[in-house]
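Worksheet: one structure, shown below.
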Amino acid sequence: MNKKTVRDLTDAQLRGKRALVRVDFNVPMNESMQVGDDTRIRAALPTIEYLLERGACVILLSHLGRPKGKPNPKYSLEPVARHLATLTKTRVDFVETTDSDEASRAAKELAAGEILVLENTRFLGGEETNDERLSRALACLGDVFVNDAFGAAHRAHASTEGIARHLRPAVAGLLMEKELEYLGAALASPKRPFISILGGAKISGKIDVIEQLLPGVDRLLIGGAMACTFFRAMGLNTGKSLVEEDRVEMAADLLARAGDKLVLPIDAVVASSLNDPMAAKNVAREEITDDQAMFDIGRKSSELFSGQIATAKTVIWNGPMGVFETPPFDQATRAVAEAMANATDTGAITIVGGGDSAAAVAQLGLESRMSHVSTGGGASLEFLEGKELPGVAALEGRSE
Ligand code: ADP
Ligand code: MG
């Protein structure tokens, strides 16, 4: 990686110092205002522990939800701070402001080995506008800046990009490093065969990913509703399936250019509506009728995709194969996840990106059997599109 990380910081840069850490604690909350899924909190622990063990105190900044620049108790980080305390077994202070005398006093009074969580950065009007004054004020809270929020790195906000311009050292955390290394290595120097599987609802949101991946992959497997737009381009009847009419031409162009790199489903699981799962049928892709919609790729397609995955040395997956939230339309998503888990066992690098795909893998209990499940939905997509992530770009380079 061409950016400095916490491991490049010297003892003197950490002992007795205030480490200001941008984490991604944007976690789902349940009805009783407790943390619903703590994956992202646990993912930040290695960095927090690394800093504490070296004699720093840790001040944590994060956003949660979309409070649109105004305080909103629904999006308070207080329950997250309490949850963090149960995971670290260390004292965790919480201050219900972020850009205030109260917050800077709390940051100054923090002792080595202690953790302070400040309130949601998106309660501040200047966060999403990357306000200069706010960036400077936040930078004053710490002696070093660590950005570990991969999931927020595609946004140039005050707490991600802004602070890094005003506080040095500014380095990547261990999670950020891991995310960039897995995704970066897979794109730059993949072990072959390199296979990518794309799915999800819309082709429009993923066209840049397809264009970016296509030259480098050995095979690109397409599932999800996205496949229906390709079916239409092939002249097949897609019935009531989700098709993006304005992308049919583009799909036809891709089919013409991609040759046998592009692998489409050969059959489909169809029903008249999602409310009628009992009537689900497996049909060949030529047999979808006007009153049916494809809600999952079919059994033979699952086998075809799983067979391809079994031969791969690098696999990147983004986007569920079907409406996995509604059984039985979860079968192909399960099959792909299981094929990837088995591929990991035989030495392949397997990477899952995208919020819904990561949720599907977690739901199946297969997280630990993937080489890497990205914590950043939008950020991992933008990375795969080949875009520079502003939160990363602002960090110190290796040669600085
Ligand atoms: P990710 O978050 O992993 O990037 P997306 O957001 O692109 O994935 O897509 C996930 C959504 O796509 C899911 O809600 C799923 O129900 C939907 N989806 C997948 N296949 C189909 C289909 N055949 N018809 C309608 N929706 C689908
Ligand atoms: Mg999604």
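Heavy atoms only: backbone and side chains are in, while hydrogens, waters and symmetry mates are out.
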Whether over 12 other heavy atoms sit under 6.0 Å from Arg82 CZ: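 Yes, enclosed.
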Heavy atoms from other residues, nucleotides or ligands near CD of Gln308 exceed 12 (cutoff 6.0 Å): yes
Kindly work out whether a path of hydrophobic side-chain contacts (I/L/V/M/F/W/Y, heavy atoms less than 4.5 Å apart) joins [X] to [Y].
X	Y	result
Phe94	Val21	yes
Met321	Val315	yes
Val146	Phe25	yes
Val80	Ile59	no
Val283	Val269	no

Check for a donor-acceptor pair, side chain of [X] on one end and backbone N or O of [Y] on the other, with a separation under 3.5 Å.
X	Y	value
Lys261	Val217	yes
Ser241	Met294	yes
Ser374	Val352	no
Lys191	Ala348	no
Thr47	Leu174	yes
Asp218	Phe194	yes
Thr5	Arg7	yes
Lys4	Ala170	no
Asn30	Gly36	no

Qualifying ring pair (Phe, Tyr, Trp, His ring centres under 6.0 Å) pairs with a residue from residues 334-393, counting only residues at least two apart or across chains: Tyr182-His372
Pairs involving residues 296-340, ordered by first then second residue, that meet ring pair (Phe, Tyr, Trp, His ring centres under 6.0 Å) (sequence neighbours left out):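 Residue pairs passing ring pair (Phe, Tyr, Trp, His ring centres under 6.0 Å), neighbours aside: Phe295-Phe329.
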Salt bridge (Lys or Arg N to Asp or Glu O under 4.0 Å) partners of [X], counting only residues at least two apart:
X	value
Arg232	Glu245
Arg155	none
Asp253	Arg257
Lys387	Glu385

Candidate pair Thr289 and Asp291, rule side chain to side chain donor-acceptor pair (under 3.5 Å), full reasoning: CA-CA 6 Å; Thr289 57; Asp291 60 335; 2.7 Å; yes
Say you draw a straight line from [atom1] of [X] to [atom2] of [Y]; how long is it, rounded to the nearest 0.5 Å?
X	Y	atom1	atom2	answer
Thr129	Leu134	OG1	CG	7.5 Å
Leu118	Leu138	CG	CG	8.5 Å
Ser273	Gln292	OG	CD	12.0 Å
Ile115	Leu110	CD1	CG	9.0 Å
Leu220	Asp260	CG	CG	12.0 Å
Leu254	Glu249	CG	CD	12.0 Å

Report yes if some heavy atom in the side chain of [X] is under 4.5 Å from a heavy atom in the side chain of [Y]; otherwise report no.
X	Y	result
Leu236	Ile288	no
Ile266	Ile297	no
Glu128	His157	yes
Leu264	Met234	yes
Val171	Asp8	no
Cys228	Leu242	no
Glu179	Val392	no
Val6	Arg54	no

Residues 64-78 side chain polar contacts: donor-acceptor under 3.5 Å, at least two apart:
unit_1	atom_1	unit_2	atom_2	d
Asn72	OD1	Lys74	N	3.0
Ser76	OG	Glu78	N	3.1
Ser76	OG	Glu119	OE2	2.8

Side chain to side chain donor-acceptor pair (under 3.5 Å) contacts touching residues 329-346 (sequence neighbours left out): Asn342-Arg369, Thr344-Thr350, Asp345-Arg369
Pairs flagged by side chain to side chain donor-acceptor pair (under 3.5 Å) wherever residues 279-288 is involved - sequence neighbours left out: Asp267-Asn282
Pairwise salt bridge (charged side-chain N to carboxylate O under 4.0 Å, His left out) hits with a residue in residues 12-39, at least two apart: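 Non-adjacent pairs meeting salt bridge (charged side-chain N to carboxylate O under 4.0 Å, His left out): Asp11-Arg15, Arg18-Asp143, Arg22-Glu127, Asp24-Arg40, Asp38-Arg42.
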Option among Leu198, Leu187, Ile351 that satisfies the side chain to side chain contact (heavy atoms under 4.5 Å, CB included) test with Leu384: Leu187
ILVMFWY cluster membership beyond Met278 - transitive side-chain contacts under 4.5 angstrom: none
Name every donor-acceptor pair, under 3.5 Å, that has one atom in a side chain of residues 203-210 and the other anywhere in the protein, sequence neighbours excluded.
unit_1	atom_1	unit_2	atom_2	d
Ser204	OG	Glu244	OE2	2.5
Lys206	NZ	Gly199	O	3.2
Lys206	NZ	Asn318	OD1	2.6

Residues Glu303, Arg299: salt bridge by 4.0 Å N-O rule: no
Step-by-step side chain to side chain contact (heavy atoms under 4.5 Å, CB included) determination, Ile163 to Leu61: CA-CA 11 Å; Ile163 297 176; Leu61 294 174; 3.6 Å; yes
Chi angles and distances behind the side chain to side chain contact (heavy atoms under 4.5 Å, CB included) call for Leu52, Val58: CA-CA 7 Å; Leu52 294 177; Val58 169; 3.7 Å; yes
